[in-house]
Amino acid sequence: MENDKGLIVVLSGFSGAGKGTIMKHLLQSHPGEYHLSISATTRKKRPGEEEGREYFFKSKEEFQKMIDNNELLEYASFNDKSYGTPKSYVEELIKEGKDVLLEIEVQGALQVKEQYPEALLLFVTPPSAKVLKDRLVGRGTEEPDVIAQRMAISSKESFLMNKYDYLIINDILDDSVNKVHSIIQCEHARTVRNGDSIKKMQEELKEFSKGE
Ligand code: ADP
Ligand code: 5GP
């Protein structure tokens, strides 16, 4: 039965769609309710990023060691860099009944779904390709050639959108944050995730009717 277990919530989406922004607001608006998985990556630290906050920054060798030691729940390559989710953190939290958020790209998301079919997969998109480009430019963290590469990756990723459970069209930020929260809460209420509560109620009612 799954109802004692926390949910693995995967949030994917095009680079610049607003995943990071939605996650940040979700964590702030529901303190203590959600837990963010911190990935390992071989990409360079960006200005303002901190070890262990945005990522665990690894050398290629260190990353390979994590793969060899089976320490990653999933991993994938994005723009020639490696990214992966440390397994132990996620497994401990879901065992404790806590919900864990994974902000990862599509290949990794599909690996998670294979291992954990009960994981909830959400895909974030802006309302249009033009808005996506404007957001990437507006963020100002990538050079124009990298932006072009990321737009090309997005075009490929768009063919995997229908593998996800829900689509979040990130137009108005607050609406998107509320939508993600509501979807997670609805997911918890599904009967398939509440087998223990159903069984408990059935047993109680059986006992109760015996005594009547
Ligand atoms: P991602 O994590 O998906 O790459 P970010 O969260 O970094 O994307 O968002 C990309 C840019 O778009 C940022 O400058 C962010 O402030 C902006 N942004 C995110 N969501 C919205 C929104 N709903 N409306 C307008 N701008 C947004
Ligand atoms: P960025 O370099 O912009 O931080 O991230 C690039 C891409 O890698 C984003 O789509 C992000 O969601 C994805 N990503 C971050 N961490 C992981 C991870 O652990 N696994 C996978 N598969 N993708 C990740």
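Nothing here was measured: the structure is a model prediction, and the numbers come from that model.
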Hydrophobic cluster membership, L132 vs I22, 4.5 Å side-chain cutoff: no
Residue pair L121 / Y166, side-chain heavy-atom distance below 4.5 Å: no
Any donor-acceptor N or O pair under 3.5 Å, side chains R139, T141: yes
Close side-chain approach of L72 to K87, heavy-atom, < 4.5 Å: no
Intermediate values then yes/no, side chain to side chain contact (heavy atoms under 4.5 Å, CB included), S15 and I153: CA-CA 9 Å; S15 181; I153 294 172; over 6 Å; no
Inter-residue atom distance L110.CG - Q115.CD, 0.5 Å rounding: 12.0 Å
Worked check of side chain to side chain contact (heavy atoms under 4.5 Å, CB included) between I184 and L101: CA-CA 10 Å; I184 298 172; L101 308 175; 4.2 Å; yes
Check: T85 side chain, L73 main-chain N or O, donor-acceptor pair, under 3.5 Å: no
Single-linkage hydrophobic cluster, 4.5 Å side-chain cutoff, I183 and V192 together: no
Donor-acceptor pair between H188 and D99 side chains, under 3.5 angstrom: yes
Heavy-atom closest pair, residues Q107 and L160: NE2-CD1, 3.9 Å
Atom pair CG/NZ of L173 and K24 - distance to nearest 0.5 Å: 10.0 Å
Full working for salt bridge (charged side-chain N to carboxylate O under 4.0 Å, His left out) between E187 and R193: CA-CA 8 Å; E187 198 63 24; R193 296 195 196 274; 2.7 Å; yes
Spacing of CZ belonging to F123 relative to OG belonging to S158, to within rounding of 0.5 Å: 7.5 Å
Connected via hydrophobic side-chain network under 4.5 Å: V106 and M161: yes
Flag, side chain of S176 to backbone of I172, donor-acceptor distance under 3.5 Å: yes
Any donor-acceptor N or O pair under 3.5 Å, side chains E91, Y116: yes
Nearest-0.5 Å distance that lies between atom CD in E49 and atom CZ in F57: 4.5 Å
Within 6.0 angstrom of E143 CD, more than 12 heavy atoms from elsewhere: no
Flag for Q149-D145: side-chain donor and acceptor within less than 3.5 Å: no
Common cluster, I8/L122, ILVMFWY with side-chain heavy-atom separation under 4.5 Å: no
Closest approach of T191 to I198 (non-hydrogen atoms, all atoms of both residues): O-CD1, 3.9 Å
N/O donor-acceptor pair under 3.5 Å between K19 side chain and G13 backbone: yes
Heavy-atom donor-acceptor pair, K58 side chain to E62 backbone, under 3.5 Å: no
Parallel, tilted or perpendicular, as decided by the 30° and 60° cut-offs, for the rings of H181 and H30: parallel
Spacing of CZ belonging to F208 relative to NZ belonging to K210, to within rounding of 0.5 Å: 13.5 Å
Minimal non-hydrogen separation, I104 against S39, with atom names: CG2-OG, 4.4 Å
Worked verdict on K200 versus E203 for salt bridge (charged side-chain N to carboxylate O under 4.0 Å, His left out): CA-CA 5 Å; K200 179 175 164 284; E203 280 165 9; over 6 Å; no
Which atom of A17 lies closest to which atom of R135, heavy atoms considered: O-NH1, 3.2 Å
Connected via hydrophobic side-chain network under 4.5 Å: L93 and V10: yes
No-hydrogen, no-angle side-chain donor-acceptor test under 3.5 Å, S12 and Y164: yes
Nearest non-hydrogen partners of K133 and I147, listed with the distance: CE-CG2, 4.1 Å
Over all atoms of both residues, closest heavy-atom pair of F14 and P126: CD1-CD, 3.9 Å
Lys/Arg-Asp/Glu bridge criterion (N-O < 4.0 Å) met for K113, D165: yes
Y83, OH atom: more than 12 neighbouring heavy atoms under 6.0 Å: yes
Lys/Arg-Asp/Glu bridge criterion (N-O < 4.0 Å) met for K95, E92: no
Within 6.0 angstrom of I169 CD1, more than 12 heavy atoms from elsewhere: no
Side chain to side chain contact (heavy atoms under 4.5 Å, CB included) between I38 and R53, worked out: CA-CA 7 Å; I38 310 293; R53 191 180 66 189; over 6 Å; no
V90 backbone acceptor or donor facing S37 side chain under 3.5 Å: no
Atom pair CZ/OH of R43 and Y55 - distance to nearest 0.5 Å: 5.0 Å
Expected output: side-chain N194 to main-chain R190 donor-acceptor under 3.5 Å: yes
Test log, rule salt bridge (charged side-chain N to carboxylate O under 4.0 Å, His left out), inputs E157 and K163: CA-CA 11 Å; E157 287 177 341; K163 301 258 183 211; over 6 Å; no
Contact check, side chains of V137 and E142, non-hydrogen atoms, under 4.5 Å: no
Min side-chain heavy-atom separation L102-V9 under 4.5 Å: no
Trace of the salt bridge (charged side-chain N to carboxylate O under 4.0 Å, His left out) decision for D175 with K179: CA-CA 6 Å; D175 291 352; K179 207 174 274 180; over 6 Å; no
T41 side chain near F56 side chain, heavy-atom distance below 4.5 Å: no
Stepwise side chain to side chain contact (heavy atoms under 4.5 Å, CB included) test for L26 and Y34: CA-CA 8 Å; L26 184 67; Y34 299 115; 3.8 Å; yes
